[in-house]
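Throughout, residue positions are numbered sequentially from 1 according to the sequence presented.
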Amino acid sequence: MDATIRLEETWKAVLAPEFRHSYMADLKRFLMDEKEQGRQIFPRGSEYFRALDLTPLDRVRVVILGQDPYHGDGQAHGLCFSVRPGMRIPPSLVNIYKELRDDLGIAPARHGFLESWAGQGVLLLNAVLTVERGRAASHQGRGWERFTDAVVRAINEREQPVVFMLWGSYAQRKAAFVDRSRHLVLTAAHPSPLSAHSGFFGCRHFSKANAFLQSKGFEPIDWQLPEDPPLAVER
């Protein structure tokens, strides 16, 4: 069965056992049933594991946890907080850009495509990896949370220190078991317009993450996004 799993090899090595659990079979049946009933699922199937494919386990330096994919047309492509090129920048990401500007002096990008972060070792992981079009949180409780818990555990068990940037109570609960004696755990309010003024603005997580990485002998993250993202996302 392992040979049929389409997943980046370093992740496949530690996550293959998850695919042998009944919850993953149940999740697969659920997604197939949803599609057979004509429901549109975001992101497309080839991008369910896009965050893992772009950020191999042995290259993870920073983890940012989200909750669900965007449920609007053309938005989700497998990375939390990120949208495809050409899409309107979501409000939470607008606030992330504001904090980046205040923290590191980085001018807000004109797009919301974050794959350049992922390519540097920033794992942009949603707790739930699929959603039905137009129905936020519609795939919660179907098994994805257990799978992504295994992802977080695999990172936590590595000897190499990693920065966890946990925004909001949901992310903080999901990563509550992370070993803070080895990893840096940064917590703040969620960047949503409803909560950003309650502790996200001014958290300075981006500079703190880079200072920690450099203190451990690693290269800092270049948080400056390319001025122009690709015109299309090829898969």
Could you give me the CA-CA distance, side-chain angles and deciding distance for Gln67 and Asn126, then say whether side chain to side chain donor-acceptor pair (under 3.5 Å) is met? CA-CA 5 Å; Gln67 192 163 350; Asn126 276 315; over 6 Å; no
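- Using a 30° and 60° split on the angle between ring planes, Trp223 and Trp117 fall in the perpendicular class, above 60°.
- In this structure, SG on Cys203 lies 7.0 Å from CG on Asp103, to the nearest 0.5 angstrom.
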Taking it one step at a time, do Ile64 and Val62 satisfy side chain to side chain contact (heavy atoms under 4.5 Å, CB included)? CA-CA 7 Å; Ile64 298 177; Val62 176; 4.3 Å; yes
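- With hydrogens and angles left out, the side-chain atoms of Ser138 and His71 include no donor and acceptor closer than 3.5 Å.
- The aromatic rings of Trp167 and His205 sit parallel to each other, their planes meeting at less than 30°, with 60° as the upper class boundary.
- Results of the side-chain hydrogen bond (donor to acceptor under 3.5 Å, both in side chains) test with Glu34 over Arg39, Gln40, Arg142 single out Arg39 as the only residue that passes.
- A donor-acceptor pair under 3.5 Å links the side-chain atoms of Ser207 to the main chain of Arg204, judged by distance alone.
- Side-chain polar atoms of Asp222 and Gln120 form no donor-acceptor pair below 3.5 angstrom.
- Here CD1 of Ile96 is found 8.5 Å from CE of Met165. Values are rounded to the nearest 0.5 Å.
- His190 places none of its side-chain heavy atoms less than 4.5 Å from the side chain of Phe200.
- Taking NZ from Lys174 and OG from Ser169, the interatomic distance works out to 13.5 Å, rounded to the nearest 0.5 Å.
- Through direct or indirect side-chain contacts shorter than 4.5 Å among Ile, Leu, Val, Met, Phe, Trp and Tyr, Met32 is connected to no other residue.
- Scanning for salt bridge (Lys or Arg N to Asp or Glu O under 4.0 Å) contacts around Arg29 gives Asp26, with sequence neighbours left out.
- A donor-acceptor contact under 3.5 angstrom links the side chains of His139 and Thr130, judged on distance only.
- Separation of atoms CG (Leu129) and CD (Glu145) is listed at 9.0 Å; rounding is to 0.5 Å.
- At a threshold of 4.0 Å, the pair Glu47-Arg50 does not count as salt-bridged, since none of the basic side-chain nitrogens sits closer than that to a carboxylate oxygen.
- For the residue pair Thr10 / Glu8, a side-chain donor-acceptor distance below 3.5 Å is found, with atom types taken as modelled.
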Test Arg158 against Val60 for side chain to side chain contact (heavy atoms under 4.5 Å, CB included), laying out the working first. CA-CA 10 Å; Arg158 291 178 59 208; Val60 175; 3.7 Å; yes
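- One finds the CZ atom of Arg61 at 13.0 Å from the CG atom of Leu123 (value rounded to the nearest 0.5 Å).
- Ring geometry for Phe49 against Phe147 counts as tilted: the plane angle lies between 30° and 60°, on a 0 to 90° scale.
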Carefully, step by step, assess Phe42 and His77 under the rule ring-ring contact (aromatic ring centres under 6.0 Å, His included). CA-CA 8 Å; Phe42 295 147; His77 64 104; over 10 Å; no
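- Ion pairing between a basic and an acidic side chain is recognised when a charged N comes within 4.0 Å of a carboxylate O; Asp228 and Arg110 show such pairing.
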